[in-house]
Amino acid sequence: MTQRTTLITGVTRGMGRALALDLAPRGGTLLLHGRDAERLAAVAAEARAAGPGTTVRTHLADLSDLDQVHAMAERIRAAEPRLDGVIHNAVAGGGARPLVREVSRQGHELRFAVNHLAPYALTRALLPLLVASAPARVVNVASMGQEALDFGDVMLERDYEGLRAYCRSKLAMIMATFELAAELAGTGVTVNALHPAHLMDTPGVRDHGLTPVTTTEEGVRPTVRLLLDPDLDAVTGRYFDRFTEARAHEQAYDRAARERLMRLTDGLVGGR
């Protein structure tokens with residue numbers, strides 16, 4: 001049992017729901033995020049039943065709207081005395097109509113907005129609480145599907161394809177992981193990213209017409225390991241393929257590219 005407070009985004013289906021139900025029996029406080037009120041309430045009820053001694057609170061927000069991301073962070077900072085872990089699990093996949101380019105509330109390409117800008121903005125806004133609660137951990141659920149960013153067309157206004165947008169957004173998430181980890185060195189807050197499992201049985205995989213080959217539970221175990229394993233107390237700024245440290249796309253190790261991405265990102269989410 002634990003007294004940890006953990007925030008999980010995107011819990012209303014797929015691996016997010018499985019993560020909530022895995023962590024609920026462990027005790028402490030769970031902050032569950034979703035964008036569908038009815039489904040969020042249902043998962044919260046399941047989590048409370050799975051962990052009767054666990055405090056479960058819900059946060060409704062659409063992560064494609066940065067205003068809602070910032071508002072959720074403000075609510076969490078106001079309500080919670082501590083925050084020991086964040087799992088950025090919410091995702092916009094390749095989409096059921098992969099040739100239809102979608103945009104966020106602020107007009108950014110949707111996958112880039114949900115998979116990169118939102119988790120970065122949320123982490124940035126919660127940093128004071130995370131640092132004050134240290135040791136604390138941020139776990140970014142990325143993907144082995146990665147493609148180099150084109151800084152001449154970051155928002156994919158040309159030759160749009162949903163899976164390409166997804167892969168670029170996940171690489172951006174990993175690049176931000178490395179940058180945040182370096183920035184937070186010495187604070188007691190670690191930041192890591194992982195590919196949790198290959199083609200899990202999630203709505204995003206099925207919506208894109210792909211055939212699932214693993215269960216969401218297969219992705220839960222390596223994700224929870226990054227959150228809780230004491231052997232990883234000092235591990236930060238790494239990318240894992242499930243349980244094994246791995247090498248991400250080469251662009252993730254291009255310092256100039258990372259710095260260029262972060263300048264763009266800070267400008268889009270409102271700076272530091």
Salt-bridge criterion met for Arg101 and Glu161 (N-O under 4.0 Å): no
Residues that Asp65 engages under salt bridge (Lys or Arg N to Asp or Glu O under 4.0 Å), provided they are two or more places apart: none
Minimum side-chain heavy-atom gap Val139-Asn192 below 4.5 Å: no
Residue that, paired with His33, satisfies side chain to side chain contact (heavy atoms under 4.5 Å, CB included) out of Leu40, Leu63, Ile87: Leu63
Within residues 39-92 or reaching into it, pairs that qualify as ring-ring contact (aromatic ring centres under 6.0 Å, His included) - sequence neighbours excluded: none
Ion pair check, Arg242 and Glu218, cut-off under 4.0 Å: yes
Salt bridge (Lys or Arg N to Asp or Glu O under 4.0 Å) against Arg105, all qualifying residues, sequence neighbours excluded: none
Check ion pair Arg247-Asp241 (N to O, under 4.0 angstrom): no
Euclidean distance, His195 NE2 relative to Gln146 CD, rounded to 0.5 Å: 9.5 Å
Side-chain hydrophobic cluster, 4.5 Å single linkage: members besides Tyr160: Leu156
Donor-acceptor side-chain pairing of Thr177 and Asn140 below 3.5 angstrom: yes
Side-chain cluster (under 4.5 Å, hydrophobic types only) that Met144 belongs to, other residues: Ile174, Phe178, Tyr239, Tyr253
Presence of salt bridge, Glu259 and Arg255, under 4.0 angstrom: yes
Stepwise salt bridge (Lys or Arg N to Asp or Glu O under 4.0 Å) check, Asp231 with Arg225: CA-CA 9 Å; Asp231 290 342; Arg225 172 177 174 260; over 6 Å; no
Fellow cluster residues of Phe243, listed by chain then number, with links counted only when side-chain atoms sit under 4.5 Å apart: none
Pair Arg57 + Glu80: basic N to acidic O under 4.0 Å: yes
Test applied, side chain to side chain contact (heavy atoms under 4.5 Å, CB included); reference residue, Leu23; option that passes from Leu32, Leu228, Thr54: Leu228
Arg111/Glu102 ion pair, N-O < 4.0 Å: yes
Verdict with supporting geometry, Arg168 and Glu109, salt bridge (Lys or Arg N to Asp or Glu O under 4.0 Å): CA-CA 11 Å; Arg168 292 187 182 185; Glu109 192 280 313; over 6 Å; no
Student check: side-chain heavy atoms of Arg260 and Asp254 closer than 4.5 Å: no
Within-4.5 Å side-chain heavy-atom neighbours: Met15 and Val141: yes
